[in-house]
Q: 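After the structure tokens below, expect a handful of questions from me.
Atoms within a ligand are numbered from 1 in the order they appear, just like the ligands themselves.
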Amino acid sequence: MNYGLVIDTVFKQILAEPSNGHVASYIPELLKVNPDCFGVALTLIDNTSYSIGDAEIKFSIQSIAKVFSLALGYKTLGDKIWERVGVEPSGTAFNSLLQLEADHGKPRNPFINSGALVICDILLSQIKDVKSELLAFIRHISDNQSIDYSPNIALSEKLNGFRNIALCNFIKSFHNIHNHPEDVLDLYFNLCSIEMTCSELSKSFLFLANDGKKTTDQSTILTSSQTKRINAVMQTCGFYDESGEFTFKVGLPGKSGVGGGILAIHPKLYSIVTWSPRLNEKGNSEKGMKFLELFTTQTKYSIF
Ligand code: GLN
């Protein structure tokens, strides 16, 4: 397969198409980005990589970071995490409060905001200096010491994060948040503020295509069963109420963020990341979704 040629052809086609999407504005700091940035990076499990466009510019990875926090939570507490958060698609927006009342404060999955808040709470209870440990974990997975939180984005979200603050307090009222909501929210806002490039993200998440092992030194990040399960949850819940659509059109497990990034994994083959900040009405990158749909169509490979 000539991946380089497919990426080049599909990139040019999608770049030329107009986009009606909008950059996320509810976190004011995110509005500072150039809305027309567009980058793609692909890394195969033999560590061969291809990139195009703005693949080396750092951007706010937002909810893609929820895959890192889930990986650390799963590694630390094992299957017990599923007592606190479910594995069902929500069919609702990423920041919805709707189902929590009926579900008695147990979020449907770890990739909607409520679920990620519960994972942050678990990490706070399990790990002493969690903000530095989480960063150390991500830097270790990525072999990259430059990865960091963005204080400006974290603060911007904290000052405007009224729904997340409501979600955290609401879950606390059901006793499914054990720490102080302010500490949970601080960790959550920092997690979402991490900045990385498409190339860095695609290399970092390659362990999810490689049975939970880093491809550089074959060291174990997660067991192969944990890896399969994270991929399964990404497949069913990675795009909020557009998860079915992504599965239908792209056919790979993946995770989006409101910074405009999308990660997708082809188990045993590759990890691919797209970045284009203009979002569709569900909060997923418009060009990123279109690129990945054409990419899996032209390579003729998806997990189905
Ligand atoms: N930090 C964002 C929020 O909590 C993340 C949302 C997202 O990327 N979907 O609203």
Q: Do the side chains of Asp103 and Arg108 get close enough for a salt bridge, i.e. N-O under 4.0 angstrom?
A: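 Between Arg108 and Asp103 there is a salt bridge, with a charged N closer than 4.0 Å to a carboxylate O.
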
Q: At less than 4.0 angstrom from any non-hydrogen atom of Ser63, what atoms of ligand 1 do you find?
A: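 Close to Ser63: 5 (C), 6 (C), 7 (C), 8 (O), 9 (N).
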
Q: Closer than 4.0 Å to some heavy atom of Tyr240 - which atoms of ligand 1 meet that?
A: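 Those of ligand 1 that fall under 4.0 Å from Tyr240 are 7 (C), 8 (O), 9 (N).
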
Q: Check whether the ring centres of Phe111 and Tyr240 lie less than 6.0 Å apart, and answer yes or no.
A: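 Aromatic pair excluded; centres sit 6.0 Å or further apart.
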
Q: How are the rings of Tyr3 and Tyr50 set to each other: parallel, tilted or perpendicular (split at 30° and 60°)?
A: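 Tilted, since the angle between the ring planes falls between 30° and 60°.
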
Q: Checking a contact table here: which protein heavy atom is nearest atom 10 (O) of ligand 1, and how many Å away?
A: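 Answer for atom 10 (O) of ligand 1: Tyr26 OH, 2.5 Å.
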
Q: Run the numbers for me: atoms of ligand 1, each under 4.0 Å from some heavy atom of Gln62, listed by number.
A: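 That gives atoms 1 (N), 2 (C), 5 (C), 8 (O) of ligand 1.
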
Q: Does a side chain donor of either Asn280 or Glu286 reach within less than 3.5 Å of an acceptor in the other side chain?
A: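 Result is no, nothing qualifies.
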
Q: Compute the minimum heavy-atom distance from Asn95 to ligand 1 and say whether it is under 4.0 Å.
A: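 For ligand 1, residue contact (heavy atoms, under 4.0 Å) with Asn95 is absent.
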
Q: Is ligand 1 under 4.0 Å from a heavy atom in the side chain of Glu157, in the backbone, in both, or in neither?
A: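 Contact part for Glu157 vs ligand 1: side chain (C-beta onward).
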
Q: Need the ligand 1 atom indices (1-based, order shown) with element for anything under 4.0 Å from a heavy-atom of Asn164.
A: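 Heavy-atom distances to Asn164 below 4.0 Å select 3 (C), 4 (O), 10 (O).
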
Q: Below 4.0 Å from any atom of ligand 1, is there a heavy atom belonging to Phe189?
A: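 No heavy atom of Phe189 comes that close to ligand 1.
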
Q: Indicate, as side chain, backbone, both or neither, the part of Val258 found under 4.0 angstrom from ligand 1 when only non-hydrogen atoms are considered.
A: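 The answer is both.
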
Q: Classify the ring geometry between His104 and Phe174 as parallel (under 30°), tilted (30 to 60°) or perpendicular (over 60°).
A: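 Ring orientation of His104 relative to Phe174: perpendicular.
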
Q: Which ligand 1 atoms are under 4.0 Å away from a heavy-atom of Gly257?
A: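 Matching atoms, with element in brackets: 8 (O).
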
Q: Nearest protein heavy atom to atom 4 (O) of ligand 1, by residue and atom, and its distance?
A: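 Checked against all protein heavy atoms, atom 4 (O) of ligand 1 sits closest to Tyr188 OH, 2.5 Å.
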
Q: In plain terms, say whether Asp79 and Arg229 are close enough for a salt bridge, that is, a side-chain N and a carboxylate O under 4.0 Å apart.
A: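 Yes, Asp79 and Arg229 are salt-bridged.
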
Q: Any carboxylate oxygen within less than 4.0 angstrom of a Lys/Arg side-chain nitrogen, looking at Lys58 and Glu200?
A: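 Result for this pair is yes, salt bridge flagged.
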
Q: Can you list the ligand 1 atoms lying under 4.0 Å from a non-hydrogen atom of Cys192?
A: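 In order of number, 1 (N).
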
Q: When the aromatic ring centroids of Phe189 and Tyr149 are compared, is their separation below 6.0 Å?
A: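 No; Tyr149 has its ring centre 6.0 Å or more from that of Phe189.
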
